[in-house]
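Have a look at the structure below before the remarks.
The structure displayed is predicted, hence computed values, not measured ones. In listed order, ligands and their atoms are each counted from 1.
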Amino acid sequence: MKIKDVIIIGGGPAGISCAIQLTRYDIEPLILEKEKLGGLLVNANYLENYLGFPRGIKGKDLTELLKEQLKKHKINVFFEEVMTLVSNKDFFEVTTNKSSYDSKFLVIASGTKPKEFKECPIPDKLAPKIFYEVYPLIDLKNKKIVIVGAGDAAFDYALNLSRENKVVILNRSESSNCLPVLLRRARESAEIDYIKNIKIQRISSSYGDRVKLECLTPEGSKNIEADFLLFAIGRMPCLDFLSAELSREVNEVKKNSRMYLAGDVKNGIFRQTAIAVGDGIMSAMKIYNKIKEEEK
Ligand SMILES: Cc1cc2nc3c(=O)[nH]c(=O)nc-3n(C[C@H](O)[C@H](O)[C@H](O)COP(=O)(O)OP(=O)(O)OC[C@H]3O[C@@H](n4cnc5c(N)ncnc54)[C@H](O)[C@@H]3O)c2cc1C
C-alpha cells in the first residue's frame, strides 16, 4: 500500500488546475487518470469563453497547453482507473485497476460520462460505427455523420465535423437548449442538416456496413443512412467508484474537509472549463488551509 498526501481522481482541467496549485504549496499530488489528460476538453471545437485567448482556442490546442503546464510542474500522473474508493478514519483507500493507495486527502475531479442511447437496440456489428465523443472522428473526411442530440455538445460536434464532412443533427423535439450562437452557425452551414421532431425507431446496418436509421417524423417515416452515428444526449457524473456508504456520506465527508469534488462531476448543467479550473484551484487552497490548521 502506497501512502499519498493528496490523490486527484481525473486529469481534466479541474484535476490539473488542482495539482498545479498544490505544487505551489510544496504539496506533491498524484493524479490518477484512466484515459487521457485534458479530459473532455479535446472534444471542444472552439472555446470562445476561456479568458486569455481573444481569438478563441481549439479544445485540442488547449489540451496540449495544459499537458505542457503539467509537465513543467513535474506532477506525477499514473494512467490507472480508480475502481473503488473507501473512507477510513484517517485515510481514503483508493483501488485502481493496477494498484492500491491510501491518501490523506482526495479530490474527485472525474467529470462526466455520456448517457447511453436506449430507445432501441443497436446491433453489436455496428459498434465500430457508434461514438459518444467526437475526438476519435475528428480526422474524417467526406463522410456522412448523424449526430443525435440537441444541446451545445451536439451542435459543437456538428460544427467541428462539418469542415470536412456532411452532418445531420437529429432532435427528437421541437426546441433545442443549445447556445444561440452555435444554432445560428449550424443553420448557416451548407454541410449541416438540422432535423427537428424526429425519433429513431430502428437502427440496423445497410449495404457497405453503413448505419441505417428508420425514423418517425410528423410527416411519416424517414430512413437515413450514415457512415457514423454520434450520440450527444446528455452526460452524468462519473462516480461509479464510490462505495455505497461513501456515496451516501459524500456530503458529511466533505464537511470533514478531506474530500473535495471539483469540476463537471459536481456542477450539474454548469459544465464549463473556467468553472472546473476554479474548482480545482479552490480545492487545493482548502487542502492547504486544512493542513496548516492541523499543524497548529
Ligand atoms: C463538445 C464540447 C464543447 C465544449 N465547449 C466548451 C467551451 O466552449 N467552453 C468551456 O468552458 N467548456 C467547454 N466544454 C466543457 C469542458 O470540456 C468541461 O467543462 C471540462 O472539460 C470539465 O473539466 P473536468 O476536469 O471537470 O472534467 P473532464 O474534462 O471530464 O475530466 C475528467 C477526467 O477524469 C477522468 N476519470 C473519470 N473517471 C475516472 C476514474 N474512475 N479513474 C481515473 N480517471 C477518471 C476522465 O478520463 C477525464 O480525463 C465543452 C465540452 C464539450 C464536450
Is ligand 1 under 4.0 Å from a heavy atom in the side chain of T96, in the backbone, in both, or in neither?
neither
I need the contact type for K36 against ligand 1. Using non-hydrogen atoms and a strict under-4.0 Å cut-off, is it side chain, backbone, both or neither?
backbone
In plain terms, say whether [X] and [Y] are close enough for a salt bridge, that is, a side-chain N and a carboxylate O under 4.0 Å apart.
X	Y	value
D90	R258	no
E214	K222	no
D240	K113	yes
E174	K196	yes
D279	K266	yes

Where ligand 1 meets [X] - atom numbers and elements under 4.0 angstrom, heavy-atom basis:
X	result
A276	22 (C), 23 (O), 26 (O)
L41	17 (O), 21 (O)
L47	7 (C), 8 (O), 9 (N), 10 (C), 11 (O)
A109	32 (C), 33 (C), 34 (O)
C238	37 (C), 38 (N)
F241	41 (N)
Y46	8 (O)
N43	1 (C)

Side chain of Y46, backbone of D156: donor and acceptor closer than 3.5 Å?
no
Answer yes or no for Y157: is there a heavy-atom contact with ligand 1 below 4.0 Å?
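Flag set, Y157 near ligand 1.
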Measuring from non-hydrogen atoms of E80 to any atom of ligand 1, is the shortest distance under 4.0 Å?
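Within the 4.0 Å threshold, so yes.
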If you measure every N or O of [X] against every N or O of ligand 1, does any of those distances drop under 3.5 Å?
X	result
G263	no
P13	yes
Q272	yes
A153	no
E81	no

For the residue pair T273 and L41, what are the closest heavy atoms and their distance?
OG1-CD1, 3.4 Å
Please give me the minimum heavy-atom distance between V211 and D227, naming the atom from each residue.
CG2-O, 4.2 Å
Which atom pairs, one a donor and one an acceptor, fall under 3.5 Å between side chains of residues 62-75 and the rest of the protein, sequence neighbours left out?
{"unit_1": "T63", "atom_1": "OG1", "unit_2": "G59", "atom_2": "O", "d": "2.7"}
{"unit_1": "E64", "atom_1": "OE2", "unit_2": "K67", "atom_2": "NZ", "d": "3.3"}

For [atom], closest protein heavy-atom neighbour:
atom	answer
atom 25 (O) of ligand 1	A14 N, 2.9 Å
atom 42 (N) of ligand 1	V82 N, 2.9 Å
atom 15 (C) of ligand 1	R271 O, 3.9 Å
atom 30 (O) of ligand 1	G111 CA, 3.6 Å
atom 28 (P) of ligand 1	L40 N, 3.8 Å
atom 34 (O) of ligand 1	G10 CA, 3.2 Å
atom 47 (O) of ligand 1	E33 OE2, 2.7 Å
atom 50 (C) of ligand 1	A44 CB, 4.1 Å

Look at the aromatic rings of F105 and Y260 and report parallel, tilted or perpendicular, splitting at 30° and 60°.
parallel
For [atom], which of [options] has the closest heavy atom?
atom	options	result
atom 22 (C) of ligand 1	I275, D264, N267	D264
atom 16 (C) of ligand 1	T273, L37, I31	T273
atom 43 (C) of ligand 1	E133, E48, K34	K34

For atom NZ of K60, is the number of surrounding heavy atoms from other residues, nucleotides or ligands below 6.0 Å larger than 12?
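At most 12 heavy atoms, drawn from other residues, nucleotides or ligands, come within 6.0 Å of this atom.
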So does R24 have more than 12 non-hydrogen atoms from other groups sitting under 6.0 Å from CZ?
no
Under 3.5 Å side-chain donor-acceptor pair for [X] and [Y]:
X	Y	result
E191	S162	no
E133	N43	yes
E93	N88	yes

Among all the protein's heavy atoms, is there at least one whose distance to atom 18 (C) of ligand 1 comes out below 4.0 Å?
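Under 4.0 Å from atom 18 (C) of ligand 1, at least one protein heavy atom found.
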For N49, the side chain to side chain donor-acceptor pair (under 3.5 Å) test, sequence neighbours excluded, returns Q272
Counting the benzene-type ring for Trp, do Y132 and F117 have ring centres under 6.0 Å apart?
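Centroid distance Y132-F117: not below 6.0 Å, so no.
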